[in-house]
Structure formats: structure tokens, C-alpha cells
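Hydrogens, waters and symmetry mates play no part in the numbers below; they use all other heavy atoms, side chains included.
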Amino acid sequence: MSTNFIKPVTTQLCMAALLAGLSLPVLAVDWGAAKAAEVPMFFPGQTSLEWMYGKKNHDGAGRYKKRKKNCRGCHTGDEAEYGPKIVKGGDTEAGPLAGRNGFLNMQVKAANDGSNLYLRLEWPKQGAASSKQDADNDTKVTFMFDDGAVEEFTAGGCWAVCHIDSKKMPAAKGDGKTKYLGESRTNMTRKKGGADKFKSDGDLAALMSSGVYLEYWQAQLNPGQPAKVIDGYILKERSENSTATVTATATEAGGNWVVEFSRPLAAGANQKALSPGKQYTVGFALHDQNTEGRYHLTSLQYTMQLDGGDADLVAVKQ
């Protein structure tokens, strides 16, 4: 009997991945050997970067401004209290979304094979909120990181790109701004953020060349469908790369979402080089329950290193 039509299982898997628009990781990661970091994800409401600098509402504003404390230095352990409280409405949430979950724990693992970085994120799925804000995506999970070039991100994590004029925030006009860094504006104010006071194209290009931007990866998830992945950078706005070099797979396991990202360690266009021994600042955002804009859950800032070190997340080489 002819066996020409019989293909090895690995070939079938590769073909399935190509048909799904994905690429398979080079390494079959032994996640059992990777140490997990538990990352609390909580609802931040309308606490923008501008809010953080306002002493009237934020009693830690002085410590933060003088860099005597960063967000985790003051608030580690507060996430499980703050998220469920803020999501109900109040001074830092003027428009609560009924049914919105305010807190969950995300388990994060990392590994590398000398050529690629791998991240594994797992968290419990939640029921629907009262309003389906994002009709296209059940869930979006985002990973942001920096190599120390953005001082505000080192101090404040995700709050470095969350502004009072961002989408669904108090000073937003129309759809509001996407995520952006204050370094991209000629002037920032506590009441209006950076608005359209952009620096010149030449100045922005110089900032990019010197590494003053954040890299982000995002997986867009819907039950029973392959993950859609985008990658890009944040400076003047959230900008998507024309061709993604990050890959992502998603599975639903025991009531949880499990997402695995991978990216070459070598930097491509608009990407940060990933080098052993260097410490990176990372942050996570989760738009589950069909939410968008500020109705996400977010983490405080964490640290990551490759191969070894004392970071929160260590991508051990396998």
C-alpha cells in the first residue's frame, strides 16, 4: 500500500499552525521546570498618571514624585482590596460597569532557549459583564516592557502610559487618546494630560533611536478560535508593527485561559534587545469580560531577567 499521503505528526501540526496564521515555538518548553510568579491584577478605575501626581487625591504623590517609593513600594498586597472597592464606583470610578470583576491572580512563567523568549500567562475566566464593550474580542491580554530607558515606567509601570485624556477617561474627547508616553509631548498638565501637544517628528525619531519607548505584545482571544497576536511600541501613541514577530497560542483549560507568547531575543524594528543579566521592567493588562479602554485589570510593575538573577520573573534557559 502506498504511504505517500501519510505525513508525520509534526508536519501536520506545522501545517495546522500555518493555516491558523501562527508559527510554532522552536522549543517545547518544560513549563514544569519554570518558576511561577503570581501577579495580582486589579481594577484601577480612573487613576491616571496625572492622578498619581495630585496630592489632593493621592496621599503617596509626594513620595512618588521624588521617587522615594514606586507603586509596588507602597501598594504590594493592596490589590485584592483596591480592585473590588474601586470597581463599585466612587471617587476614582465615576461610571462603574455592572458585573465587572475587580481582581484576580495571574500566574506568569518565563523561559528562553538562547534564541527566543517564552512567556506563559494563566488566569481564571470570568462571566460576562452587563455591557459588551468590545464586540470583537472576548478577552485581550497585553504585556509591556522596558529596558530602563523610560524612567516613568520603572517607577509607575503601566501608569506611565495611562493618562487623563485616554479612552473613557475624564478628559477624553471623542474616543480619547490611545496609550502614550509623556516624553512625546511638549507639555503635560494634570487636568488635560498631553493632549495634541506633540513633539516634532525629528524629536520623536530621536527618542525612538535612544530607546525611549515601550514595547508591547497583545493576544486577542475568543473561545474556540486561535489567538490573534499583534506587537508594537508606545511613544506618541500605541503603534502596531506592520509585521508581527511575536507569536501567541491560547488554550482553555479547566476554566482558565492559558496564553503562551514567544519572541526572538534579537531586536527587530521597534523592539528592545533581550540580553542575559539585564533587568527589565514589565507590566500586564487584561481586558476580559469584553471590556475596553480603562475598564481593564492591570498589574503593578514587576522585574524580569534572563537566565538568572533576583528579578520577580526569571526566564531560565532550557
Side-chain angles (χ1 to χ4, degrees), residues 17 20-27 29 31 34 37 39 41 106-113 115-123 134 136-147 149-150 153 157-158 160-162 178-181 208 211 213-222 225-235 237-251 257-275 278 280-288 292 296-306 311-313 315:
L22 303 171
S23 60
L24 291 176
V26 175
L27 173 71
V29 182
W31 290 117
V39 177
M41 304 291 296
M106 178 182 289
Q107 186 187 79
V108 182
K109 294 182 177 183
N112 84 91
D113 61 2
S115 298
N116 300 278
L117 172 67
Y118 303 90
L119 290 179
R120 182 186 188 276
L121 284 53
E122 181 173 2
W123 68 92
D134 187 340
D136 297 324
N137 299 293
D138 176 271
T139 298
K140 299 186 293 286
V141 62
T142 306
F143 169 69
M144 292 186 290
F145 74 97
D146 179 52
D147 55 4
V150 182
F153 192 69
C158 299
V161 297
C162 180
T178 68
K179 306 297 185 185
Y180 67 87
L181 291 176
M208 286 293 296
Y213 65 92
L214 303 181
E215 182 176 342
Y216 79 91
W217 312 345
Q218 185 181 90
Q220 300 171 352
L221 314 175
N222 284 294
Q225 299 180 25
K228 296 179 182 179
V229 63
I230 60 175
D231 59 39
Y233 62 96
I234 302 171
L235 179 56
E237 58 190 353
R238 187 182 61 227
S239 301
E240 182 179 341
N241 292 325
S242 57
T243 301
T245 58
V246 175
T247 65
T249 61
T251 57
W257 274 116
V258 178
V259 171
E260 295 184 23
F261 285 110
S262 67
R263 200 214 84 178
L265 300 183
N270 310 317
Q271 291 183 328
K272 307 271 184 175
L274 293 163
S275 305
K278 185 173 182 61
Y280 300 84
T281 301
V282 305
F284 302 87
L286 180 64
H287 286 90
D288 60 347
E292 63 179 5
H296 58 358
L297 303 183
T298 189
S299 74
L300 299 178
Q301 76 274 42
Y302 286 79
T303 55
M304 180 182 74
Q305 283 180 259
L306 272 65
D312 302 302
L313 189 62

### Task
Determine the minimum heavy-atom distance between V29 and A111, stating which atoms define it.
CG1-CB, 3.8 Å
### Message
Let me confirm one number: the CG-CG distance from N241 to D231, rounded to the nearest 0.5 Å.
### Response
4.5 Å
### Task
Evaluate the ring planes of Y280 and F145, with Trp represented by its six-membered ring, and classify them as parallel (under 30°), tilted (30 to 60°) or perpendicular (over 60°).
perpendicular
### Task
Anything under 30° is parallel, anything over 60° is perpendicular, the rest tilted; go ahead and classify F284 against F143.
tilted
### Message
So, taking the atom named CZ in F261 and the one named OG1 in T142, what distance separates them when rounded to the nearest 0.5 Å?
### Response
7.0 Å
#### Entry: V229, T247, L274, L119 screened by side-chain contact (heavy atoms from CB on, under 4.5 Å) with R263, the one that passes
L274
### Task
Would you check if the side chain of Y213 reaches a backbone N or O of Q271 as a donor-acceptor pair within less than 3.5 Å?
yes
### Message
Could you measure the distance from the CG atom of N270 to the OG1 atom of T245? Nearest 0.5 Å is fine.
### Response
10.0 Å
### Task
Under the side chain to side chain donor-acceptor pair (under 3.5 Å) rule, what do D312 and T303 come out as? Steps first, then yes or no, please.
CA-CA 5 Å; D312 302 302; T303 55; 3.0 Å; yes
### Query
Below 4.5 Å, heavy atoms only, C-beta onward: do L214 and F153 meet side chain to side chain?
yes
### Message
I need the N137 CG to Q218 CD distance, nearest 0.5 Å.
### Response
7.5 Å
## Note on the structure
Looking only at heavy atoms, the pair that brings A149 and G211 closest together is CB-O, 3.1 Å
### Message
Minimum heavy-atom separation for L117 and A315, please, with both atom names.
### Response
CD1-CB, 3.7 Å
### All pairs passing salt bridge (Lys or Arg N to Asp or Glu O under 4.0 Å) where residues 266-275 contributes a residue, at least two apart
D146-K272, D147-K272
### D138 CG to Q220 CD distance, which is reported to the nearest 0.5 Å
12.0 Å
### Task
Run the numbers on Y216 and K179 for side chain to side chain contact (heavy atoms under 4.5 Å, CB included), then give the verdict.
CA-CA 11 Å; Y216 79 91; K179 306 297 185 185; over 6 Å; no
### Message
Restricting to non-hydrogen atoms, name the atom on C158 and the atom on M144 that form the minimum distance, rounded to 0.1 Å.
### Response
SG-CE, 3.5 Å
## Note on the structure
In terms of heavy-atom contacts, A273 and A267 come closest through N-CB, 3.6 Å
## Note on the structure
For L313 and A37 the tightest heavy-atom approach is CD1-CB, 4.1 Å
### Task
Taking the side chain as every heavy atom from C-beta outward, state whether L286 and L121 have any atom pair closer than 4.5 Å.
no
### Sub-4.5 Å side-chain heavy-atom contact between M106 and L297
no
#### Entry: Residue list, side chain to side chain donor-acceptor pair (under 3.5 Å) with E122, at least two apart or on another chain
R120, N256
### Query
Taking C-beta and beyond as the side chain, do W217 and V259 meet within less than 4.5 Å on heavy atoms?
no
#### Entry: Ionic contact status for K140 with D134, cut-off 4.0 Å
yes
### Query
So how far is it from D288 CG to W257 CH2, rounded to the nearest 0.5 Å?
11.0 Å
